[in-house]
Amino acid sequence: MGGMSALAGQGAYTVAVRALCEFTAKTGDLDLRFTPSPTAQEGIAGHALVTSRRDEDYETEIPLSGDFGPLHVRGRADGYDRRANRLEEIKTYRGDLKKMPDNQRQLHWAQVKIYGHLLCESQGLGQVHLALVYFDIGSQKETVMHEEHTAPALRAYFEQQCGRFLQWAQKEMAHREARDTQLKAMRFPHADFRPGQRQLAEAMYKASNRGVCLLAQAPTGIGKTVGSLFPMLKASAEHGVDKVFFLAAKTSGRQMALDAVDIIREGAPLLPLRTLELAAKSTACVNPDKACHGESCPLAKGFYDRLPAARQSALDLMLPPAADSAPAPASFLALDRETLRAVALAHDVCPYYLGSEMARWCDIVIGDYNYYFDISAMLHSLTQLNDWKVNVLVDEAHNMVSRARKMYSAEMEHASLRMLRKTVPEELKKPLDRVHRQWNQLEKDQSSEYQCYATLPEKFMGALQTAATAISDYMADHPSHVDADLQNFYFEALMFARLAESFGDHALFDIEKSEGARASHSNSVLCIRNIVPAPFLKPRFESTHTTALFSATLSPWNYFGDMLGMPDTTAWVDVESPFVAEQLAVRVAGHISTRYQHRQQSLRPIAALMGQQYQRQRGNYLAFFSSFDYMEKAANQFAEAYPDVPVWRQSRRMDEAERAQFLARFTLESEGIGFAVLGGSFGEGVDLPGARLIGAFVATLGLPQINPVNEQIRQRMEAIFGAGYDYTYTYPGLQKVVQAAGRVIRTQSDRGTVYLIDDRFGRPEIQQLMPAWWRIESASPT
Ligand code: SF4
C-alpha cells in the first residue's frame, strides 16, 4: 500500500492517492462486476478520447502531491480545465452506469476530492469544480457528475482521510524500521554455507546491489531456497526495497519457501517478518457455486466493512514476541493458506480477497508465477499502484517459458458455444448467433485440418466483442443468475479480445478443425498462441528492482534471455556443482535409436541394457520414455525378459495420492524399476536421495513432437532468432533430459548411474547442453 523507499531515512511514508482512498473510503460489498471490462487498451483509448474532446489548453496527467505530518500523498490527476477551473477524474466503463455499486462511486469521489485539495494547494486556489467523468466504451458517451468545493472544505477532507490512515502508517513505519534494522544485522542462518550456496547468495546480493536481473543456474542440493531468500531479504533491507515476492511453479515450491522462512527466523526469533502465502482462487474460494459480489456470496457482502478487523487479526498473528518473552509463543505465524482461511472465516470475509489485501502489508509474498506475471497479475498491479520497490525470486525458473506462454494464450472451442446457445437466455441468443455464424464461415473457408493465419479474423473478433458486451450487461442486470458455462465463455471471449489487442510476431493465430459429435457439425478450436512471452514479461522485469530466476537447468542463457525478454543488463551465474564426476557414471547407449520409426526395434536392446545394469547393481531405478505408449511397450518387454524384477508404472492422469504412492515405493530397502514419461510428474521436482534412487535410464531426447503447431513455432523462431530447430526442439527437450537425470544425485554422498539411450546423445552439440561436471562415456552394446 505505502512505501518508504523513496523517502527512506526521512521518516516519511509515501502513499498513492488511490491507495489512501481504498484504505479510508472503501466500505460495503466486494463487487467485481464492473472490473473485468473494459480492457486495458479500451481504458487508455477512452481516456484519450475524452481528453481529445477538451480544449487545447486542457492539462492532463497532472502530478500532484502533499503532506500531512509524516504522510506524503501523491498521484496524477486525469485532467484540469484551467479556464473553467474544473478538475476531472475520468473513469471508463461498460454496461449500465446505474448498476455501478455506490461504494465504488464514493471511492471515485474520495479520489477526486483529494486531488482537488492537492490542486488548490499547488495553485493557490480558493475553490474548484470537481467532476467525475464516466465514459461509456460502448456508446462513447460521457456522463458527468459535478460538485463544487472550497479549498478549506477540501483541506478538511484531506486531513480527515489522512488522519484515519496516519496511525496505521505510523505502525507500518515502525514495523519497517524494526524489520530492516534486524535484517541488516543478521548472519546467514546455517552455521556454514553449503558448497555453492555462498556463490548463489553472493550473486543474489550483488544483483540487488546493482538493481539488475539475474539468471542463476544452481544445482540441486545446495540449499537454493534459503540461499536465495536470505540474501534477497538482507539486500532488500540495505537497498530500500519494500517487498520480496517468492514465486513458484508448484505448491511444493511454495512450501519450500515457507520452510525457508522458518529456517531464517530460527536464527532471529524477534525478527518482525510478515509472510503471506497466496493460493489459487479456485482453491481459496469457499463458495465456488457463487459469484464474487454481495448479492450472490455472503463473504462478499459487507466485505469492506469487516475487512479492517480481519486485517488487524491477520497482522496480530504475525507479530513477533516481545523481546523478554522467550521462547517465541506459538502465535508467531506465517499467513499460510490455512491460517489465512481461518482468519478470513472467523471474520466472515472471503479468504481469497483477504489474501489480496494482506499482500499490501506483508514483507514476503509467496505465490504462483501468475501472481506477478500473468495478464492481470495482482502483485504486479499492486506494485504499480503503490509504486513499490520489489525484489522478485522465481523458483524452478526453467518452467517459465512454458508457463508464460500459457498465460498469454487463449483458445475457444466451437462445440462449447454450440452447447451454450441451447441454454442461454433469450436476449443473448442474437449476439451469440452472430459469433456462431462467423465461426461457421471460418470453418468453411479453411480447407485443411490445421491452418495458421497471419492476421486475426476481423468480423469474428467484432462479433465476439459485441457478444462479450451483451453478456456483461446481462450479468449486471441479473446479479443472482450464475451460469458457469456462460461465465466461462465470457472470460474466454474477454481474454481473446485482450490478446487480440497485442497480437504480433510473438504469437500465432490458428484454427484446428476436427469432426464433431455429429457428422454435420465439424468442430474447431481457435487459438491465439503465444510462443515468445518476452514482450509481455520484459516490462514486468523492468518494474522490479531485481528479479532473480533460478533453476538447476537454465542453459543456454540466450534461449532464456530471448524467450523471457530478460533486460540487457541481466547478470548470470553458473553456480559450481557440489557434485563430482566420480559420483555419477553417465553412459551413452549410442547403439540404440529411439526415433519414432525405430521404436519397435529399440525395445529389446533397451530391456537388455536395463536388465544388465540391474544385475550389476540391484536397487531402485527410474526409466523415462517419450510417451505412455512407448513406456508401456518397453515395460512389457522388460517384464517379460526379467520377470523377477519389480516394475512400477506411471499411469495416465494420476492424482496427488497416486503419485505419492508411486514415489513411496522407492524406499531405502526396495529394489525395482519405475517406468515413467519424460516431462511428466516424475521427471522433475522429485527428491529421492541415497538408495531411494541409484540410477536412471533416459530413452528419449525429449524433443517435442513434430506436428503442424510445432513446425509453425520452428519457422517463427527461425525468423526471429535464427535458431528455429534448437529453440523449438533441442533446448526444451534436453532440459527435460537433464532434469530427469538430475533425480539420481541429490546429495554429496549419493552415487549413481545414468544411461542416455540414443545415438544422438553422442553428438558434441548435444553433450554441450549437459552439466559441466558430468563425465560422459559410451556404453558398449552387449
Ligand atoms: S468466497 Fe468465492 S465466490 Fe465468494 S467472494 Fe470469495 S472467491 Fe468470490
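All values reported here derive from a predicted model rather than from experimental measurement.
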What's the spacing between [X] [atom1] and [Y] [atom2] if we round to 0.5 Å?
| X | Y | atom1 | atom2 | answer |
| --- | --- | --- | --- | --- |
| Tyr559 | Leu554 | OH | CG | 11.0 Å |
| Leu526 | Met412 | CG | CE | 7.5 Å |
| Leu464 | Gln438 | CG | CD | 10.5 Å |
| Lys513 | Ser448 | NZ | OG | 7.5 Å |
| Met566 | Trp557 | CE | CH2 | 10.5 Å |
| Thr466 | Ile471 | OG1 | CD1 | 11.0 Å |

Scan [range] for pairs that pass salt bridge (Lys or Arg N to Asp or Glu O under 4.0 Å), counting only residues two or more places apart or in two chains.
| range | result |
| --- | --- |
| residues 528-539 | Asp510-Arg529 |
| residues 403-412 | Asp368-Arg403 |
| residues 428-445 | Arg421-Asp433, Glu426-Lys429 |

- Message: Any carboxylate oxygen within less than 4.0 angstrom of a Lys/Arg side-chain nitrogen, looking at Arg714 and Glu718?
- Response: no
- Should the pair Arg360-Glu22 be classified as a salt bridge under the 4.0 Å nitrogen-to-oxygen rule? yes
Between the main-chain N or O of [Y] and the side-chain N or O of [X], is there a donor-acceptor pair closer than 3.5 Å?
| X | Y | answer |
| --- | --- | --- |
| Gln446 | Ile511 | yes |
| Asp242 | Lys389 | yes |
| Lys243 | Trp388 | no |
| Arg716 | Ala507 | yes |
| Thr728 | Tyr725 | no |
| Tyr371 | Ala279 | yes |
| Ser296 | Cys292 | no |
| Asn530 | Val532 | yes |
| Asp374 | Met407 | no |
| Thr383 | Leu379 | yes |

- More than 12 non-hydrogen atoms from neighbouring residues, nucleotides or ligands closer than 6.0 Å to CD on Glu449, yes or no? no
- Task: For Asp55, look at atom CG and say whether over 12 heavy atoms of other residues, nucleotides or ligands are found less than 6.0 Å away.
- Result: yes
Does the side chain of [X] come under 3.5 Å of the side chain of [Y] through a donor N or O and an acceptor N or O?
| X | Y | value |
| --- | --- | --- |
| Tyr353 | Lys281 | yes |
| Tyr369 | Glu396 | no |
| Glu88 | Tyr58 | yes |
| Gln705 | Asn710 | no |

Side chains of [X] and [Y], heavy atoms from C-beta outward: is any pair under 4.5 Å?
| X | Y | result |
| --- | --- | --- |
| Leu564 | Arg540 | no |
| Tyr450 | Glu711 | no |
| Leu97 | Asp136 | no |
| Leu432 | Phe489 | yes |
| Arg53 | Gln140 | yes |
| Ser543 | Gln384 | yes |
| Ser376 | Arg498 | yes |
| Thr51 | Ile90 | yes |

- Message: Counting the benzene-type ring for Trp, do Phe541 and Tyr372 have ring centres under 6.0 Å apart?
- Response: no
- Message: Just checking His506 against Tyr408, ring centres under 6.0 Å apart?
- Response: no
- Message: Parallel, tilted or perpendicular, judged at 30° and 60°: which one describes the rings of Phe496 and Phe509?
- Response: perpendicular
- Go through the steps to decide whether Tyr304 and Asp29 satisfy the test side-chain contact (heavy atoms from CB on, under 4.5 Å), and finish with yes or no. CA-CA 6 Å; Tyr304 290 107; Asp29 296 358; over 6 Å; no
- So Thr544 and Asn391, side-chain contact (heavy atoms from CB on, under 4.5 Å) or not? Walk me through it. CA-CA 6 Å; Thr544 65; Asn391 276 345; 5.9 Å; no
Might you point out which heavy atoms bring [X] and [Y] nearest each other, and give the distance in Å?
| X | Y | value |
| --- | --- | --- |
| Val50 | Phe135 | CG2-CD1, 3.5 Å |
| Tyr727 | Met563 | CD2-SD, 4.2 Å |
| Gly355 | Leu276 | O-CD2, 3.5 Å |
| Ala397 | Ser551 | N-CB, 3.5 Å |
| Ala467 | Val435 | CB-CG2, 3.7 Å |
| Ala110 | Ala25 | CB-CB, 3.8 Å |

- Task: Start with the C-alpha distance between Arg418 and Trp439, add both sets of side-chain angles, then the distance that settles side-chain contact (heavy atoms from CB on, under 4.5 Å), and finish with yes or no.
- Result: CA-CA 11 Å; Arg418 281 208 174 91; Trp439 206 324; over 6 Å; no
- Residue that, paired with Arg74, satisfies side-chain contact (heavy atoms from CB on, under 4.5 Å) out of Leu118, Leu20, Leu64, Thr14: Thr14
- Item | Met400 and Leu537: CA distance, side-chain angles, deciding distance, side-chain contact (heavy atoms from CB on, under 4.5 Å) verdict | CA-CA 10 Å; Met400 269 291 279; Leu537 302 188; 3.9 Å; yes
